[in-house]
Amino acid sequence: MREAMATAEVGDDVYGEDPTVNALEAEVAALFGHEAALFAPTGSMANQIALQLVVPPGDELLCDADAHVVTYEIGAAAAYGGISSRTWPAVGADIDPDVVAGMIRPDGYFAVPTRAIAVEQTHNRGGGGVIPLSTLRELRRVADDAGLAVHCDGARIWHAHVADGVPLAEYGRLFDTLSVCLSKGLGAPVGSLVVGSTEKVARARMIRKRLGGGMRQAGVLAAAGRYALAHHVERLAEDHAKAARLAEAVAPYGVLATVVRTNVVPLDLTKCPLDARALAAAAREEGVLISVLGPRTARLVTHMDVEDAAVDRAATALARILRG
Ligand SMILES: Cc1ncc(COP(=O)(O)O)c(C=O)c1O
């Protein structure tokens, strides 16, 4: 990857003249069966650009209460897009399309009109859960019936593709816009893309520049992304297997929040003598890093830089700590 970055051909991407960025954008658009894609510095920016494409200022986005777009993007949809958000209760990947359908507000002069639905695949706070294809199809139908757009925060859509064997183009067909990330499981240092129609991506380019996300010789970064796509997608199955091993190690202590499907192991410490901070502190002492999500919720993640031996060490250390 470093070699690909060092030898990348570059140009000024603000003028659309970086051949490596252009190649990455064309490649990702084709993967999802869409017309175009736009390289952005981060997943958060890619999401926010996409949301501005599908929800005009003052109008409404529906998503779940744990969605990254309303949890970890520091109010950007409201602050930069003037977007009003309403959420259905957090159920991770387990969405009930009828609940979503019941929340839609029609166009009119007396209520905030709903313009789009956002889903997250896989679901970060939902423990890396995969939304089933049948649910997504049902949501698409709900959106079509009401004339709404559907955005997919696909930061980890590669994991869903590998876990469920759903072709990326099959996912692409269901969404008006997607954001997909190269810098998580795929292991590139930087970068996400907004995927959509030619018209939407042309507008996305303007919004990206407005947000300060127009980069110049970005080909060095796009080269890393192209390398990641070529070499790091199918191997995600190894990370999923490592997460399953960690899940198996902690399961006897009653702390597993859900069934592990991908590379996230969500912990529910409600019945555990240790709270999330105490667990994370004890694990850190043993060289195991854990994300604290809430007072009694935490998250373990596996990725390509966590080798098998490290997974074994982490499993042993966590079992020892949880045993007390
Ligand atoms: C589901 C999801 N979407 C978007 C993002 C944002 O990505 P970034 O950190 O590149 O802004 C993240 C980051 O963790 C995420 O988990």
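Since this is a predicted model, take the numbers as computed values, not measurements. Each ligand, and each atom within it, is numbered from 1 in the order the structure gives.
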Atoms of ligand 1, numbered as shown, that sit under 4.0 Å from any heavy atom of Asn47
3 (N), 4 (C)
Hey, which atoms in ligand 1 end up nearer than 4.0 Å to a heavy atom of Glu120?
1 (C)
Between Thr20 (side chain) and Glu9 (backbone), is there a donor-acceptor pair under 3.5 Å?
yes
Between His232 and Tyr227, does the ring centroid distance fall short of 6.0 Å?
yes
Applying a strict 4.0 Å limit to heavy atoms, is Arg156 in contact with ligand 1?
yes
Could you check whether any side-chain heavy atom of Ile83 comes within less than 4.5 Å of a side-chain heavy atom of Val55, counting everything from C-beta outward?
yes
Ranking Lys184, Met45, Gln48 by closest non-hydrogen atom to atom 13 (C) of ligand 1, top hit is Lys184
Close approach, His123 and ligand 1, non-hydrogen under 4.0 angstrom
no
Hey, which atoms in ligand 1 end up nearer than 4.0 Å to a heavy atom of Ser44?
6 (C), 7 (O), 8 (P), 11 (O)
About how many Å separate CG of Leu300 and CG of Leu318, when rounded to the nearest 0.5 Å?
6.0 Å
Say you draw a straight line from NE2 of His231 to CE of Met304; how long is it, rounded to the nearest 0.5 Å?
10.5 Å
Yes or no on salt bridge (charged side-chain N to carboxylate O under 4.0 Å, His left out) for Arg216 and Asp18, after CA distance, side-chain angles and deciding distance?
CA-CA 8 Å; Arg216 301 292 175 175; Asp18 187 303; over 6 Å; no
Out of curiosity, does Leu38 fall in the hydrophobic cluster containing Leu24 (side-chain heavy atoms, cut-off under 4.5 Å, transitive links)?
no
Give the residue and atom name of whichever protein heavy atom lies nearest to atom 3 (N) of ligand 1, and the separation in Å to one decimal.
Asp153 OD2, 2.7 Å
Answer yes or no: does an N/O atom from Asn124 fall short of 3.5 Å to an N/O atom of ligand 1?
yes
Proximal atoms of ligand 1 relative to Gly43 (non-hydrogen, under 4.0 Å)
6 (C), 7 (O), 8 (P), 10 (O), 11 (O)
Enumerated ligand 1 atoms positioned under 4.0 Å from heavy atoms of Thr42
10 (O), 11 (O)
I'd like to know whether CE of Met103 has more than 12 heavy-atom contacts from other residues, nucleotides or ligands below 6.0 angstrom.
yes
Any idea which protein heavy atom is nearest atom 15 (C) of ligand 1, and the distance to it?
His68 CD2, 3.1 Å
